[in-house]
Amino acid sequence: MSNENLPHPALLLPTVMQAVLSAGALIRAEFHRPGGPRGTPGKCPVDAQGEAELMQSLLALHACDWHGEELPRRKMGHSDCWVVDPQDGTTAFQRGLRGSAVSVALMRQGQPVLGVVYAPCAPDDAGDLFIWAEGMVPMRNGKPMLPIGPRPAPYEPMEGAPWPAQPASPKRYDHATLIALNEQAGDYAAHNHATFAPAGVLAMPSIAYRLALAAAGEVDAVVSLTKGLDSYDIGAGHALLHAVGGTLIELNGTPIGHGQGRHFHGCIGGRPEIVQAVQERGPKGGSRIKRHPVQPKRRTSAIGPLRWAQGAMLGLLVGDALGSQVEFLDPATIWARHPGGLRDLLPGGTWNLLAGQPTDDGELALALARALVDAGGFDRDRVAQGYIDWLASGPFDVGATTTSGIHALAGRGKANSASQANGALMRVAPTGIAAAGDPAKAAAWARADAAMTHPHPVCQAASAAFAAAIAAGVAGANSPAMWAEAYAHAGEDAGGMEIRQALLEARDGLPPDFTRNQGWVLTAFGNAFHRLWREQGFAEALTETVMSGGDTDTNAAICGALLGAAYGRDAIPLAWRSQVMGCRAVRGKGVAHSRPVSCWADDTADLAEALLGCQMSVAQQHEGSFASTRNNDEQSGVHRNQSCPNYPDEGFTDALLESDGLFTFTNEDGHSETIDFGALSDALEPPPSLFEGRMTLGEDEDGSGYIPTRSGTHTEREEMPSLGRRSTVHDIVVTWANELLDQLERTDAATFDKWLENQCTEMNHLFLGFIRGETRSDYKRSSWNTPQKLGTSIRTNMHLDSEAQLAVKQAFMITAEMIIRSILECKGKPSEFWAQRMDCIVDALIGGLTGDAVKGDSLPR
């Protein structure tokens, strides 16, 4: 058949992508099915169902040959052939592992011209989508993928510059190299170390998904030892590698070529130079020692909490690994060795470790996390036994206070009650994850944990406050709210008073000296909360922490856990978290300190998800459920708050569930109703783009304001009206509505109440300060952009009398109520109704700020 009569692959890609997403939705639903996926080992009904749907859609799009795993193949001698695996990695999927993938390729005369790989449940339920068609830019989740080799596929630009600007530069095969094997890689850790060291090895299901990750540059090479691989296993991954200039060969070095009846003896794919280096090492099977990694008893569909939980655990471990390279050194020495700042996980360091290997900080945190998962919560005896077993394993580093404390747990001596060392704080983050959404419980568990080995009141209070902040962060609280929870749960004894003072001081600056009394708990505590309060970027915060010297691994581990809970997994540099999970300290050549498997961090992602399971059932049975992500990309539960008099209390909702742009709630009659925010958002002026990123106010370099448009670009914006005009207040109220909606979507009743109360209290002080002409430089953070501008507007244009002590807080509480009511009541109403409500809200706010508040119940229905 002539190519002149064949459709251009790029024209097929949108429909293929939608068909794959639809098949992925079936897999995701089956993944969370009570009782687990149906079927027999290696076979799931959802696989055949998915292929049937794909066949119907794709053959209707382009009728050609069909080569799939589940259904009869179609051979008509067509030059084109759909090569389809409806779920690659079924066996791992049945075991409850994330990472199986839908794989669709179009082969034209045996060459891949289109490829789509979609992992619907990895790394979380947001999924991971890779697409490419001949003549197009390869994309991952809507973002262009970069070349990994010297000869990426040509791009036919419709507009702008061709892709890529330049090909990839070669990489060295060294400690930073990452190789992805199947989910059983941990069982062959010693063999893999002997074969691939110094590279790290990641374990994950699905060769299709692993090849897609190699194409995206997330791993350097992928290996499959499976004999009899079929084109449907690797076709889409091959297409993606071809697009970015990657290589795919069989284990013996033969280039992969597709055709009828072809099978392959394993494969190696990825960056060309790394593929060659791996092939030369002769990968093959070896002896197996079962790893038994942690696996959650129940997987969560809550995307945000999973990302934040993994962020807390991985943040702790990468901070530990980064800091261990320069532990106990002074800042001058560290800067001399790393003049550009320490930004890589390197082998060696103070303890001569593998790149990414934990020290006592990470190992004790892992011991605590595993004990919490085993018990389904904090069980003192089980935690104590975990610490005793850890010390008996012969760790290469352990603090004196920790040693005496663990000896006391074993019945030998007493814990050091005078020490204010940081050994309890460095390990405590898992309690916050296990008690996500319940800061009080997290604080109680953390206090009990610290009392076991570090009984000083300051150590107990520090752990309590820190765990409370983690519990709030994993449930969706932002940085100021995490700080507030730490302050609230520090305790009322002398230790709690000292920790609250430390929290206040952390807002103003860093600890004065990191090297004097370098193991002091308040140094690590103050450093972490200062950087949280400043909302400093993760990598920058950890690098600066480490460059300050002293107890660098502990300081960075504590900081990393806190910021990881605040920002989530994806804020941590990919190389850092991958090296941590790819490191296994086996007994082998080049490993100075081999460690038992319980001290390996290769199962950290699943361990964090298992920790969430300790609290999930409790949280969903009581008020509130886990929050959605701070970017509102998963479900949340929000309940009517009985303690806040200005919170809507008219039966609007007992539970609000956001899904796919729809907001479902229970009305006064007990019936379920749904709001389509996609339609509602179009009625707002300016549009807030409720489910496509929040609208925020911004400033030009000269200080003049602007409001970004839906596109969010600087060039497409509306100039902000002059301060004081009513339209300015209107725009600010729209932004305030977005902030409220964020909180409603991601917090439970108690957390929302506390957030609203705290924010309105701060606003009261802020506005009164502006009215009096005072400046508050500490409120120039982006999160306070809205009240700052409104406060300036009030002071400079409304001529309010500061002596009247205006009830600003009450006005904003009422405004919040009105916005929430309006969100729920505008369902199905014309845009004019919403515009009218916004006008009423603005009038009420201005009235409240001038001492003539409009009550929420006076709004027109």
Side-chain angles (χ1 to χ4, degrees), residues 18-59 66-73 82-104 116-129 182-184 187 203-210 212 224 226 228-230 232-233 236 290 292-303 306 373 603 605-606 609-610 612-613 616-617 620 625-626 634-635 657 659-660:
Q18 291 303 318
V20 169
L21 290 172
S22 178
L26 294 174
I27 293 172
R28 187 186 299 111
E30 191 76 5
F31 186 69
H32 291 292
R33 178 180 174 273
R38 294 164 289 184
T40 58
K43 287 290 183 181
C44 282
V46 71
D47 293 2
Q49 182 183 358
E51 184 167 334
E53 291 192 5
L54 287 166
M55 178 181 282
Q56 181 178 7
S57 298
L58 300 184
L59 291 182
W66 182 270
H67 184 83
E69 182 178 22
E70 301 294 329
L71 301 180
R73 295 169 186 178
W82 292 110
V83 177
V84 175
D85 191 339
Q87 180 170 214
D88 185 60
T90 297
T91 301
F93 169 80
Q94 290 176 313
R95 290 172 48 206
L97 301 180
R98 295 184 182 272
S100 64
V102 184
S103 173
V104 172
V116 177
V117 174
Y118 178 48
C121 305
D124 49 50
D125 274 23
D128 210 354
L129 176 66
N182 69 17
E183 68 276 8
Q184 298 176 352
D187 295 352
M204 58 184 62
S206 175
I207 182 60
Y209 186 39
R210 299 200 302 274
S224 173
T226 301
L229 282 175
D230 199 293
Y232 54 67
D233 294 310
K290 289 193 175 181
H292 298 298
V294 166
Q295 184 173 329
K297 296 178 181 178
R298 177 184 177 190
R299 294 287 182 176
T300 178
S301 59
I303 299 169
L306 179 56
V373 169
D603 60 347
D606 279 347
E609 188 167 5
L612 279 179
M616 220 189 310
S617 58
Q620 292 176 346
S625 70
F626 286 112
E634 82 273 359
Q635 63 184 2
L657 183 64
S659 176
D660 296 329

> If the condition is side-chain contact (heavy atoms from CB on, under 4.5 Å), which residues does Gln295 pass it with, not counting sequence neighbours?
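Residues passing side-chain contact (heavy atoms from CB on, under 4.5 Å) with Gln295: Leu97, Arg299.
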> Nearest heavy-atom pair of Arg73 and Asp230: which atoms, and what distance?
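In this case the closest contact between Arg73 and Asp230 is NH2-OD2, 3.9 Å.
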> Using a 4.5 Å cut-off on heavy atoms from C-beta on, say whether the side chain of Val46 contacts that of Arg33.
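They are not in side-chain contact.
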> Of the non-hydrogen atoms in Pro45 and Gly39, which two are nearest, and what is the gap between them?
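Taking Pro45 first and Gly39 second, the nearest heavy atoms are CD-CA, 3.7 Å.
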> If you round to the nearest 0.5 Å, how far is OG of Ser22 from CG of Leu54?
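Those atoms lie 8.0 Å apart.
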> Quick one: salt bridge (Lys or Arg N to Asp or Glu O under 4.0 Å) partners of Glu69, sequence neighbours excluded?
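Once residues adjacent in sequence are excluded, Glu69 has no partner under the salt bridge (Lys or Arg N to Asp or Glu O under 4.0 Å) criterion.
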> Applying side-chain hydrogen bond (donor to acceptor under 3.5 Å, both in side chains), can you list everything that pairs with Thr226, at least two apart in sequence or on another chain?
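Counting only residues at least two positions away or on another chain, Thr226 forms a side-chain hydrogen bond (donor to acceptor under 3.5 Å, both in side chains) with Ser224.
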> Of all residues at least two apart in sequence or in a different chain, which pass the side-chain hydrogen bond (donor to acceptor under 3.5 Å, both in side chains) check with His292?
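In terms of side-chain hydrogen bond (donor to acceptor under 3.5 Å, both in side chains), with neighbours along the sequence ignored, His292 is linked to no residue.
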> Name all residues meeting the salt bridge (Lys or Arg N to Asp or Glu O under 4.0 Å) criterion together with Asp603; count only those two or more places apart in sequence or in a different chain, and write none if there are none.
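For Asp603, the residues satisfying salt bridge (Lys or Arg N to Asp or Glu O under 4.0 Å) (neighbours in sequence not counted) are Arg291, Arg370.
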> With sequence neighbours left out, what residues match Lys43 under side-chain contact (heavy atoms from CB on, under 4.5 Å)?
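Applying side-chain contact (heavy atoms from CB on, under 4.5 Å) to Lys43 gives Thr40, Glu70.
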> Listed by chain and number, what are the side-chain contact (heavy atoms from CB on, under 4.5 Å) partners of Leu71, not counting sequence neighbours?
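Scan of Leu71 (side-chain contact (heavy atoms from CB on, under 4.5 Å), adjacent residues dropped) gives Glu51, Ala52, Met55.
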> For Glu183, give me all partners under side-chain hydrogen bond (donor to acceptor under 3.5 Å, both in side chains), at least two apart in sequence or on another chain.
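None.
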> As an exercise, state the distance from SG of Cys121 to CG of Asp128, rounded to the nearest 0.5 Å.
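Separation between the atoms: 11.5 Å.
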> Is the backbone N or O of Gly613 less than 3.5 Å from a side-chain atom of Arg298, with the two atoms forming a donor-acceptor pair by type?
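Between the backbone of Gly613 and the side chain of Arg298 there is no qualifying donor-acceptor contact (under 3.5 Å).
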> Could you grab the distance from atom CG of Asp124 to atom CD1 of Ile303, nearest 0.5 Å is fine?
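Going from CG on Asp124 over to CD1 on Ile303, the span is 5.5 Å.
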> List the residues meeting salt bridge (Lys or Arg N to Asp or Glu O under 4.0 Å) with Asp47, not counting sequence neighbours, and say none if there are none.
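Not a single residue meets the salt bridge (Lys or Arg N to Asp or Glu O under 4.0 Å) criterion with Asp47.
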> Using a 4.5 Å cut-off on heavy atoms from C-beta on, say whether the side chain of Leu129 contacts that of Val116.
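In short, these two side chains touch, coming nearer than 4.5 Å.
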> Does the side chain of Asp606 reach to within under 4.5 Å of the side chain of Pro296, using non-hydrogen atoms?
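They are in contact (side-chain heavy atoms under 4.5 Å apart), so the answer is yes.
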> Please examine the side chains of Tyr209 and Asp88, heavy atoms only from C-beta on, and report whether any two atoms are closer than 4.5 Å.
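In short, these two side chains do not touch, never coming nearer than 4.5 Å.
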> Let me confirm one number: the CG-OG1 distance from Asn182 to Thr91, rounded to the nearest 0.5 Å.
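It comes to 10.5 Å.
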> Using side-chain hydrogen bond (donor to acceptor under 3.5 Å, both in side chains) as the criterion, list what pairs up with Ser100, not counting sequence neighbours.
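Ser100: side-chain hydrogen bond (donor to acceptor under 3.5 Å, both in side chains) contacts with Gln87.
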> Using ring-ring contact (aromatic ring centres under 6.0 Å, His included) as the criterion, list what pairs up with Tyr232, not counting sequence neighbours.
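Listed in chain order: His67.
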> Is the number of heavy atoms from other residues, nucleotides or ligands under 6.0 Å of Gln184 CD greater than 12?
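Buried by this count: over 12 neighbours within 6.0 Å.
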> Testing the basics here: between Gly127 and Tyr118, what is the closest heavy-atom pair and its distance to 0.1 Å?
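Distance-wise, the nearest heavy atoms are CA-CE1, 4.1 Å.
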> Who pairs with Arg38 by salt bridge (Lys or Arg N to Asp or Glu O under 4.0 Å), at least two apart in sequence or on another chain?
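In terms of salt bridge (Lys or Arg N to Asp or Glu O under 4.0 Å), with neighbours along the sequence ignored, Arg38 is linked to Glu30.
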> Can you tell me how far apart CD1 (Ile27) and SG (Cys44) are? Round to the nearest 0.5 Å.
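Here the interatomic distance stands at 9.0 Å.
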